[in-house]
Amino acid sequence: MQLVYSFIIPVYNRPDEVRELLDSFVGLKTTFNFEIVIVEDGSTVSSKAIVESYASQLDLAYFYKENSGPGDSRNYGMSRAKGNYFIILDSDCILPSHYLEAVNYSLKNDYVDCFGGPDAAHPSFTNLQKAINFSMTSFLTTGGIRGHKKSVDTFQPRSFNMGLSKKAFEETQGFGRIHPGEDPDLTIRLWSKGFKTKLIPEAYVFHKRRISWSKFYTQVNKFGRVRPILNHWHPETKKITYWFPFVFSCSVVLAIILAIFGVLWPIYCIGLYYTAVLVSASIQNNSVIIGVQALLATSIQFFGYGYGFILSTLTLIFGNKAPEDAFPKLFFKTK
């Protein structure tokens, strides 16, 4: 099958991000023709003028629709795209020049109907962005929970950098209304229909994550609340590792309490772990300052996710409500 690629990019009030992303498309070193579908999801700050300014350089399609969330906007774009293989990106990503060649080479040699690519920190990122990137991707934190790169059937792609065949989209109807969590939900439904997934390590993007500490906490807390809902919908995918952030957070609190009463070995263990994070992040980013910020990012990630996870778990067990009723803010309403 000849693959024809369509990039699907939902946008919400971020025209400057669109400019940076389209600049990186212009810089792609590839022999393949591709289409870019921009879906403006009810924005009040339009990206249309910026998109039109690239019309002479790129094959672009621009759509504006009422706000219904990123999942529905991706579905909207895929249903109108010309290609037979969709590549879904967040608007806050930047592509390295080899990206599409890496994707095509991997699919040509080992085809799957859904792939995911990793994210990396660009040299231009702020220290905060680099610290959060470390906490979101390192094997020392929760980076490995998404699935090992060699485990083709268990890797869960994320929609900031995700490929999906037209066939797989049509058979699953794409993303659901939950957000965040729409990407692992789709992946699990793909598996149930016999589709394969994989990671393409070389197809990384620079994911800028324009975010503050408070927004980062809100984000990871939502991730924590979503996971028990996914476990509720798809009980066959439950893993003990999803409990790790909550258990770790409890362990830190317990270690502090025990240290007050003179039992020090637990706090030493916690300190050893944080030392490993500090050293690893400092070396990876060539900056002790980023290493220190990575300690805070890791703590926020574990405590935010862990609190959201246990709150959602207990609510689903004892609340006697459907997830949509218990957590309405995690679901977009479609008209």
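Not measured: the values here are computed from a predicted model.
Using bins of under 30°, 30° to 60° and over 60° for the plane-to-plane angle, the ring pair Phe248/Phe244 lands in the tilted bin. Tyr85 and Tyr111 have perpendicular rings, their planes meeting at more than 60° on a 0 to 90° scale where under 30° would count as parallel.
For Asp23, the salt bridge (charged side-chain N to carboxylate O under 4.0 Å, His left out) test picks out no residue, with sequence neighbours left out. Every side chain to side chain donor-acceptor pair (under 3.5 Å) that Tyr5 has, sequence neighbours left out, goes to Asn104. Here Lys48 pairs with nothing under the salt bridge (charged side-chain N to carboxylate O under 4.0 Å, His left out) rule; sequence neighbours left out. In terms of the side chain to side chain donor-acceptor pair (under 3.5 Å) criterion, residue partners of Lys65 (sequence neighbours excluded) are, by chain and number, Asp41, Ser68, Ser73.
Within 6.0 Å of atom CG in Leu314, more than 12 heavy atoms from other residues, nucleotides or ligands are found, so the atom counts as buried in its surroundings. Under a cut-off of 6.0 angstrom, the local environment of CG in Asn109 is crowded, with over 12 non-hydrogen atoms contributed by other residues, nucleotides or ligands. For Tyr64, the OH atom is densely surrounded, since the number of other residues' heavy atoms within 6.0 Å is greater than 12. Counting heavy atoms of neighbouring residues, nucleotides and ligands inside a 6.0 Å radius, atom CG of Asp325 exceeds 12 of them.
For the 3.5 Å distance criterion, the side chains of Ser124 and Lys208 fail to qualify, holding no donor opposite an acceptor. Residues Tyr99 and Asn161 bring a donor and an acceptor atom of their side chains to less than 3.5 Å of each other. A donor atom on one side chain and an acceptor atom on the other are not found under 3.5 Å apart for Arg227 and Asn231. In this model, no donor atom of one side chain and acceptor atom of the other lie less than 3.5 Å apart for Thr298 and Gln301.
Tested against Phe25, the residues Ile9, Ile94, Leu60 include a single side chain to side chain contact (heavy atoms under 4.5 Å, CB included) partner, Ile9. Shown are Ile132, Asp92, Thr137, Leu89; of these, the side chain to side chain contact (heavy atoms under 4.5 Å, CB included) with His207 is made only by Asp92.
The closest side-chain heavy-atom distance from Asp59 to Lys82 is below 4.5 Å. Under the 4.5 Å side-chain criterion, counting only non-hydrogen atoms from C-beta, Ser91 is not in contact with Pro10. In this structure, Ile87 and Ile8 have side chains that are not in contact, with every pair of non-hydrogen atoms separated by 4.5 Å or more. Taking 4.5 Å as the limit, every side-chain heavy atom of Phe134 sits out of range of all side-chain heavy atoms of Ile290.
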Residues 267-279 side chain polar contacts: donor-acceptor under 3.5 Å, at least two apart:
unit_1	atom_1	unit_2	atom_2	d
Tyr273	OH	Leu140	O	2.6
Tyr274	OH	Ser299	OG	2.9
Thr275	OG1	Gly271	O	2.7

Listing, residues 179-188 side-chain donor-acceptor contacts under 3.5 Å, not counting sequence neighbours, or none:
unit_1	atom_1	unit_2	atom_2	d
His179	ND1	Glu182	OE1	3.0
His179	ND1	Glu182	OE2	3.1
Glu182	OE2	Arg74	NH1	2.8
Asp183	OD2	Ser159	N	2.9
Asp183	OD2	Ser159	OG	3.0
Asp185	OD1	His234	NE2	2.8
Asp185	OD2	Arg189	NE	3.3
Asp185	OD2	Arg189	NH2	3.4
Thr187	OG1	Asp183	O	3.0

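Listed for the Arg80 side chain is a donor-acceptor partner under 3.5 Å among the backbone atoms of Tyr76. Thr197 contributes a side-chain N or O that, together with a main-chain N or O of Phe155, makes up a donor-acceptor pair within less than 3.5 Å. Between the side chain of Ser47 and the backbone N or O of Ile50 there is no donor-acceptor pair closer than 3.5 Å.
Minimum interatomic distance between Ala120 and Tyr204 (heavy atoms only, all atoms of both residues): CB-CD1, 4.1 Å. Residue Ser312 comes nearest to Gly224 through the heavy atom pair CB-O, 4.5 Å, listed as atom of the first residue, atom of the second, then distance. Between Glu17 and Arg14, the closest heavy-atom pair is OE1-CD, 2.9 Å. Shown here for Arg225 and Gly308, the closest heavy-atom pair between the two residues is CG-O, 3.4 Å. Closest approach of Gln293 to Trp213, counting heavy atoms only: O-CH2, 3.5 Å.
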Residues Lys198, Asp110; criterion salt bridge (charged side-chain N to carboxylate O under 4.0 Å, His left out); working and verdict: CA-CA 9 Å; Lys198 73 173 181 179; Asp110 179 25; 3.6 Å; yes

Chi angles and distances behind the ring pair (Phe, Tyr, Trp, His ring centres under 6.0 Å) call for Tyr242, Phe309: CA-CA 8 Å; Tyr242 295 141; Phe309 182 87; 7.4 Å; no

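Atom OG of Ser212 sits about 10.5 Å away from atom CD of Gln219, to the nearest 0.5 Å. Between atom CE of residue Met136 and atom CZ of residue Phe160 there is a gap of 8.0 Å, rounded to the nearest 0.5 Å.
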